[in-house]
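Here the structure comes first, spelled out in structure tokens, and everything after it is commentary.
For the numbers below, each heavy atom of this structure counts, side chains included, while hydrogens, waters and symmetry mates do not.
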Amino acid sequence: MPLMLSLIHRMTESFGLNLAGLNVVVPAASGYMAAAATIALLGGASSVTAVTRPSNRYYSAQEAADVTHSLAALARVDQGLAMRDRIDHQTCSSTNILLNSEPIRPITRSIVERLPPHSAIATLREAWMVLDDDLDMDACREHEIPVAAVNQSHPLIGGAEFQPALCLKMFETAGMAVDRAVIALICDNPLAYNLQRGLREAGAQVVVFQSPDVVFSHPWDAVVLAQRPERKPRLDIGDLGKLAKVAVDTVVVQYWGDIDRKAARYFGLKVWPPRSPGKGQMGMPIEMLGPEPMLRLIAGALKSAELVLAGEPLDPEGVAQRVDDDGPPSEG
């Protein structure tokens with residue numbers, strides 16, 4: 001707890017959070033996301049509501065509420081914290097910033113319709129990473145609710161470090177050597193640069209392919225998938241059939257993008273992780289790298305929403321991005 005509190009204070013100060021006059025709604029969690037409420041309160045939020053979800057075998061609502069409250073109490077800001085088991089009408093109607101992460105995901109039309117005019121949805125993702133399963137973008141457009149995203153390349157966020165670190169952690173957990181490995185990286189998005197650099201610095205030879213269709217036959221040690229999830233798997237039965245011919249006895253590592261594991265088994269391809277992490281999820285949660293990357297993303301998301309709500313032009317090199325109605329995302 002003392003280490004977490006020290007990091008929370010550092011993040012609040014580093015990002016210069018100024019949430020004065022704003023009511024913020026965040027997830028209640030037992031992991032590092034539990035810090036979101038405390039970060040918002042230390043950032044000057046008028047009030048923070050932390051929302052739980054119903055308990056199941058993987059999630060305890062009581063534990064999430066207790067950990068979230070304990071951190072706020074340790075920081076002596078718990079007087080501004082309220083706990084709720086759902087986002088009701090009253091909570092929605094007074095919310096200025098709504099943080100989009102489990103269990104506040106997806107953000108449905110019924111939630112968007114009840115948000116007040118001066119409100120924004122904050123996501124931990126970059127603008128191009130936001131998925132249909134995250135929130136109802138059509139409803140946000142119709143009701144003119146802006147969606148703030150995070151420029152993960154900004155030094156305060158540290159994506160250049162944590163993105164390749166997460167990939168290397170996957171190899172380590174899978175028991176696969178990276179040094180001298182020959183790796184096919186299937187990636188058609190901005191993740192390619194950092195992942196390729198990180199793997200090469202760890203001693204691997206890396207070839208980047210925009211699509212699984214163009215991977216050529218070679219004694220690959222691993223194939224890494226890092227593509228934005230879509231409604232169907234990014235590696236479906238057709239893709240996996242082709243990979244099985246050009247990457248014999250190779251492990252397919254799921255960094256991001258869904259894989260049809262049943263088809264992979266049919267073609268004799270090994271996939272890591274063996275079990276699906278869930279539709280649209282990373283192959284390994286960022287929390288596996290420790291608290292700091294997640295805390296940076298939380299603080300960055302809240303800062304982005306603060307800047308978007310201020311209504312001023314965003315700095316192209318800044319922390320904040322806005323998921324625009326049409327065209328590419330604007331950055332700032």
Side-chain angles (χ1 to χ4, degrees), residues 125-126 128-131 152-153 158-286 288-289 293:
R125 302 189 193 273
E126 287 209 354
W128 69 270
M129 294 177 169
V130 174
L131 306 177
Q152 294 189 2
S153 296
E161 289 76 40
F162 73 69
Q163 289 168 358
L166 187 63
C167 188
L168 294 173
K169 186 72 172 179
M170 292 178 181
F171 274 82
E172 178 188 335
T173 306
M176 299 167 59
V178 176
D179 188 27
R180 296 190 176 90
V182 183
I183 298 171
L185 172 60
I186 303 173
C187 188
D188 58 358
N189 57 65
L191 291 170
Y193 177 79
N194 286 334
L195 296 186
Q196 182 183 34
R197 176 182 53 79
L199 288 167
R200 284 181 171 173
E201 288 178 356
Q205 297 180 44
V206 184
V207 181
V208 179
F209 299 95
Q210 295 279 309
S211 161
D213 293 335
V214 296
V215 178
F216 54 76
S217 183
H218 193 77
W220 304 106
D221 293 299
V223 174
V224 176
L225 176 69
Q227 292 189 318
R228 183 180 182 275
E230 296 181 347
R231 293 194 179 278
K232 70 170 190 173
R234 294 311 306 259
L235 290 181
D236 61 17
I237 188 168
D239 300 321
L240 291 162
K242 294 172 185 175
L243 278 181
K245 295 176 181 178
V246 299
V248 180
D249 295 328
T250 300
V251 178
V252 180
V253 178
Q254 180 185 359
Y255 184 86
W256 200 33
D258 300 313
I259 299 174
D260 185 340
R261 281 168 168 74
K262 185 176 180 181
R265 287 193 295 271
Y266 174 80
F267 290 112
L269 286 169
K270 297 176 183 177
V271 178
W272 194 93
R275 284 189 169 187
S276 170
K279 189 175 185 297
Q281 300 298 310
M282 306 289 286
M284 174 181 281
I286 194 172
M288 293 297 291
L289 297 177

Which pair of heavy atoms, one from [X] and one from [Y], lies closest together, and at what distance?
X: Ala177; Y: Phe171; value: O-CD2, 4.5 Å
X: Ala192; Y: Val208; value: CB-CG1, 4.4 Å
X: Asn189; Y: Cys187; value: OD1-SG, 3.3 Å
X: Gly159; Y: Pro164; value: O-CD, 3.7 Å
X: Tyr255; Y: Ala226; value: CD2-CB, 4.0 Å

Q | Qualifying ring pair (Phe, Tyr, Trp, His ring centres under 6.0 Å) pairs, either residue in residues 214-248, two or more places apart | A | Phe209-Phe216, Phe209-Trp220, Phe216-Trp220, His218-Trp220
About how many Å separate [atom2] of [Y] and [atom1] of [X], when rounded to the nearest 0.5 Å?
X: Gln196; Y: Glu201; atom1: CD; atom2: CD; value: 11.0 Å
X: Ile186; Y: Asp239; atom1: CD1; atom2: CG; value: 8.0 Å
X: Leu195; Y: Leu168; atom1: CG; atom2: CG; value: 9.0 Å
X: Ile259; Y: Leu240; atom1: CD1; atom2: CG; value: 7.0 Å
X: Ile183; Y: Met176; atom1: CD1; atom2: CE; value: 7.0 Å

**Q.** Partners passing side-chain contact (heavy atoms from CB on, under 4.5 Å) against Met288 (at least two apart in sequence or in another chain)
**A.** Met284, Pro285
Q: Output all residues satisfying side-chain contact (heavy atoms from CB on, under 4.5 Å) with Ile286, sequence neighbours left out; order by chain, then residue number.
A: Phe162, Leu289, Pro293, Met294, Leu297
Taking salt bridge (charged side-chain N to carboxylate O under 4.0 Å, His left out) as the cut-off, I'd like each qualifying pair that reaches into [range], sequence neighbours left out, listed once.
range: residues 241-258; value: Asp213-Lys242
range: residues 224-234; value: Asp132-Arg231, Asp188-Arg234, Glu230-Arg234, Lys232-Asp236
range: residues 217-227; value: none

Please table the atom pairs, donor to acceptor, closer than 3.5 Å between any side-chain atom in residues 263-281 and protein atoms at least two apart or in another chain.
residue	atom	partner	partner atom	Å
Ser276	OG	Gly278	N	3.2
Lys279	NZ	Asp133	OD2	3.2

Q) Which pairs, with at least one residue in residues 162-172 and sequence neighbours excluded, count as a side chain to side chain donor-acceptor pair (under 3.5 Å)? A) Gln152-Gln163, Gln163-Asn194
Q) Listed by chain and number, what are the salt bridge (charged side-chain N to carboxylate O under 4.0 Å, His left out) partners of Arg200, not counting sequence neighbours? A) none
